Amino acid sequence: MRIPFSDLRLLHEEMRDELQQVFDRVLDSSAFVLGAEVAAFEREYAVYVGTEHCVGVNSGTAALHLTLAALGVGPGDEAITVPHTFMATAEAISATGARPVFVDIDERTYTMDAGLLEAAITPRTRAIIPVHLYGQMADMAEILRIGERHGIAVIEDACQAHGAMRDGRRAGSMGRAGCFSFFPGKNLGALGEAGAITTDDAELARKLRMWREHGSPKKYVHEFAGYNMRMAGLQGGFLRAKLRHLEAWTEQRRTAATDYDRLLAEAGFEPPAQLPGCRHVYHLYVIRVREREALRRALQEAGVETGVHYPTPLHLQKAYEHLGHGRGNFPVSERCADEALSLPMYPGIAAEAVDRVVAVLLEQSERMQFCVAEQGGGTYAGD
Ligand SMILES: *Cc1c(COP(=O)(O)O)cnc(C)c1O
């Protein structure tokens, strides 16, 4: 039995007809860039997230970049994020000419440690970008409080958190703006590149619509030099069709996570934490192990595909050498990068597959004897 890390074909097979109808509809309309399907998706996704506005763009990276640009972030400015995230979060800051400033993460949730945030703020700080990594939201209440106290915009990187909630609010609805990716492998994925920004700020939404389209409020009028980062018509249509399935898919992920949690706990592994008041949407199901690479190889040989998100924290990437960081600067991010192991997780994953993953994991880790990490470095013992 081979268990893939993810299975998009399974997802698309159950809705093949719906997707083909979208293709026909867009083909007939010739609205290949923006157009009625994108406008309808923007309305529907804003309702889903619970914001007034949604602006469709062509990637999650573009969503972050344009939001920073529209808020006036540029050369000489700083924006704060975490080193334990996908490159795009920091890259969007760099793309504006601003400097990424890193704050370490909380070991239990893998999201920004709000207790370290204030010390990273300087007179140049123009934005704070918490990342709702793996599908669980960062400590938005505290981060928003700090942002407000200093007059700094908080932008949510919600690229892994479609439908996640914290204290009754959805990811993407709490900050000044929420940035989403619809890369095919995300919880809501297009059939190509796509992204969106959600916000309650009408003026920001208006600016974003110009930023994504050559600084243009209407054809051949350009108020400033922007970009071409529009969402494709087909992707808008595909996303509308898939949005109707998102809640069911999320519940399937959560059911698989509950199964993993139980089996792992029985086997002496600590499952990923879901904090009280949080709805984790398990974009990734991540555990911590020592000797990860050896264990991954053993799992692979036994037919279980795994992933690593992410093997190198951003402050240690060559791309950010110029920031002058070194090993030891963000110890929690570094430890998580060394120990994080993402287990197979996708809507429709069979209960037997989850059983089998945990059985193989146990078998291999016992064989290797040394690879079970005590979770959270003991930091949260007893809490
Ligand atoms: C996927 C992702 C992005 C970038 O999205 P793209 O659509 O691939 O550009 C940004 N941040 C995080 C946390 C992501 O997971």
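Reckoned from all heavy atoms, side chains included, excluding hydrogens, waters and symmetry mates. Remember, it's 1-based here, ligands and their atoms both numbered in the order they're listed. Treat the numbers as computed from the prediction; the structure is a model and nothing was measured.
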As a test of reading the model: which N/O atoms of the protein lie under 3.5 Å from N/O atoms of ligand 1, and at what distance?
residue  : atom   : partner : partner atom : Å
ligand 1 : 5 (O)  : Ser181  : OG           : 3.2
ligand 1 : 7 (O)  : Gly60   : N            : 2.7
ligand 1 : 7 (O)  : Ser181  : OG           : 2.6
ligand 1 : 9 (O)  : Gly60   : N            : 3.3
ligand 1 : 9 (O)  : Thr61   : N            : 2.9
ligand 1 : 9 (O)  : Thr61   : OG1          : 2.5
ligand 1 : 11 (N) : Asp157  : OD1          : 3.4
ligand 1 : 11 (N) : Asp157  : OD2          : 2.8
ligand 1 : 15 (O) : Gln160  : NE2          : 2.8
ligand 1 : 15 (O) : Lys186  : NZ           : 3.0

- Query: With sequence neighbours left out, which residue pairs that include part of residues 172-200 fulfil the salt bridge (Lys or Arg N to Asp or Glu O under 4.0 Å) condition?
  - Reply: Arg176-Asp201
- Query: Could Arg254 and Tyr282 be counted as a cation-pi pair, given that NZ or CZ must be under 6.0 Å from the ring centre and within 45° of the axis?
  - Reply: no
- Checking Arg240, Arg230, Arg209 against Glu42 for salt bridge (charged side-chain N to carboxylate O under 4.0 Å, His left out), the one that qualifies is Arg209
- Query: Hey, mind stepping through Glu78 and Thr122 against side-chain hydrogen bond (donor to acceptor under 3.5 Å, both in side chains) and telling me if it holds?
  - Reply: CA-CA 8 Å; Glu78 293 174 357; Thr122 76; 2.8 Å; yes
- Query: Does the pair Tyr320 and His325 meet the rule for a ring pair (Phe, Tyr, Trp, His ring centres under 6.0 Å), with working shown?
  - Reply: CA-CA 8 Å; Tyr320 287 122; His325 297 299; 8.9 Å; no
- Item | Test item: side-chain donor near acceptor, Gln160 and His309, under 3.5 Å | no
